[in-house]
Undergrad: 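Structure incoming, see below.
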Number of protein chains: 2
Amino acid sequence: MKDITPKLINLFKSGFCTPQIARLAIKLKEPSTTLHYNIKKLEREGKIKTYKAVFDYKKIDEGHCSYILANLTKENYGNPEEISKRIAKDDKVESVDIVTGDYELLIKLRTKDVDEYYIWAKEAIKKYGISKMFSLTSLKQVKSEFVEMG
Amino acid sequence: MKDITPKLINLFKSGFCTPQIARLAIKLKEPSTTLHYNIKKLEREGKIKTYKAVFDYKKIDEGHCSYILANLTKENYGNPEEISKRIAKDDKVESVDIVTGDYELLIKLRTKDVDEYYIWAKEAIKKYGISKMFSLTSLKQVKSEFVEMG
DNA sequence: TAATGTAATTGAATAATATTCAACTATTTA
DNA sequence: TAAATAGTTGAATATTATTCAATTACATTA
């Protein structure tokens, strides 16, 4: 049997979805052509970047969620953008922000468990030139990606 | 003219989208019926929670993004869950986590600008019984909701 | 290990939905 | 206020999802 779900999950994390115009038409009591016009306009203007799926991460073996504050080594301190773009490529990374305060980066990471988190963190220090890390572990994800988690 | 885009944006933040099976079929070189079957299975199992849109937040007047670490007053310290569920109801709140460390909650907030952030923060202290707040402002959102921001 | 049941794959038919188009209306601009 | 532009909408068409039934793969157990 071919297990296509991992591929599916990865593609759905950032795309391969589309608006449900008919459902919106009912909800908003507007003709579907009007909604179609307005949605395409939002897309054209670049206001909508993509359509994607949101998962119950525990159920897809990404139950461990952590927020990592990171300092860059002095070689990289000057251009956090390049480093953060590289970090952003990682499928396990939900978000990367360059932030104010004592740390330069804030990374939201989703892993299977603490072990996988630890492996990732060790690797990251080497790969991305991180000089110091401060991690917050999520004990409960009440809302994520604008979606309330049951 | 009726401006339905704000309603549209709100609905798209957490739903009213659907998978693009035909595109996936081409991408994965599998029959669309196979993908249909597998996707419905993921939905049935609750692994997929919803399908939604991701925005260029600057372009929809939600350009100011901040991470707020919060302590609850001692009356609320015992049940962070109830408070966090209430906070989660707020449309401006992208995520809420109960976290380890010196603070109980980590809130990701999207507002138009600093002014709106300040108003929200003041209100939140009153409404949710927050005794102390520590905020990190995002200077650049490199990735968000698993989507790389150009 | 053969037999039986269950889960997954798939092509063809159908149903549902998005998209296009053209006519019209509202809004903005000169 | 005329002309141009942007937004709305119903009807026609094109796409796409969904259902169905047949088939195959896999797991269970006797």
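The sequence lines fix the lettering, A, B, ..., with proteins before strands; numbering per chain opens at 1.
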Undergrad: Send over the distance from A:Ile39 CD1 to D:dG7 C1', rounded to a whole Å.
TA: 14 Å
Undergrad: With rounding to the nearest 0.5 Å, note down the distance linking NZ in A:Lys41 to CD1 in A:Ile48.
TA: 11.0 Å
Undergrad: Does the distance from a Lys or Arg side-chain N to an Asp or Glu carboxylate O, for A:Asp61 and A:Lys112, drop under 4.0 Å?
TA: yes
Undergrad: Do B:Tyr51 and B:Phe16 make the cut of ring centroids closer than 6.0 angstrom?
TA: no
Undergrad: How many whole angstroms separate atom CG of B:Leu42 from atom P of C:dA8?
TA: 11 Å
Undergrad: OP1 or OP2 of D:dT8 sitting under 4.0 Å from any side-chain N/O of A:Tyr37?
TA: no
Undergrad: Expressed as a whole number of angstroms, how long is the span from B:Lys41:NZ to D:dA17:P?
TA: 20 Å
Undergrad: Send over the distance from A:Asp3 CG to D:dA25 C1', rounded to a whole Å.
TA: 14 Å
Undergrad: When you check the gap from the basic side-chain N to the acidic O, do B:Lys13 and B:Glu62 get nearer than 4.0 Å?
TA: yes
Undergrad: What integer distance in Å separates B:Ile4:CD1 from D:dT9:P?
TA: 8 Å
Undergrad: Each nucleotide in nucleotides 12-24 of chain C should get exactly one letter: B, S or -. Can you fill that in based on protein heavy atoms under 4.0 Å?
TA: B----SSSB----
Undergrad: How close or far is atom P of C:dT9 from atom CD of B:Glu30, stated in whole angstroms?
TA: 8 Å
Undergrad: Can we say B:Lys89 and A:Glu148 salt-bridge, meaning some charged N sits less than 4.0 Å from an Asp/Glu carboxylate O?
TA: yes
Undergrad: CG of B:Leu24 versus C1' of D:dA17: gap in Å, rounded?
TA: 12 Å
Undergrad: When you measure from the side-chain N and O atoms of B:Asn38 to the phosphate of C:dT9, is any distance below 4.0 Å, counting only OP1 and OP2?
TA: yes
Undergrad: Is any NZ, NE, NH1 or NH2 atom of the basic residue among B:Lys40 and B:Glu43 found under 4.0 Å from an Asp or Glu carboxylate oxygen of the other?
TA: yes
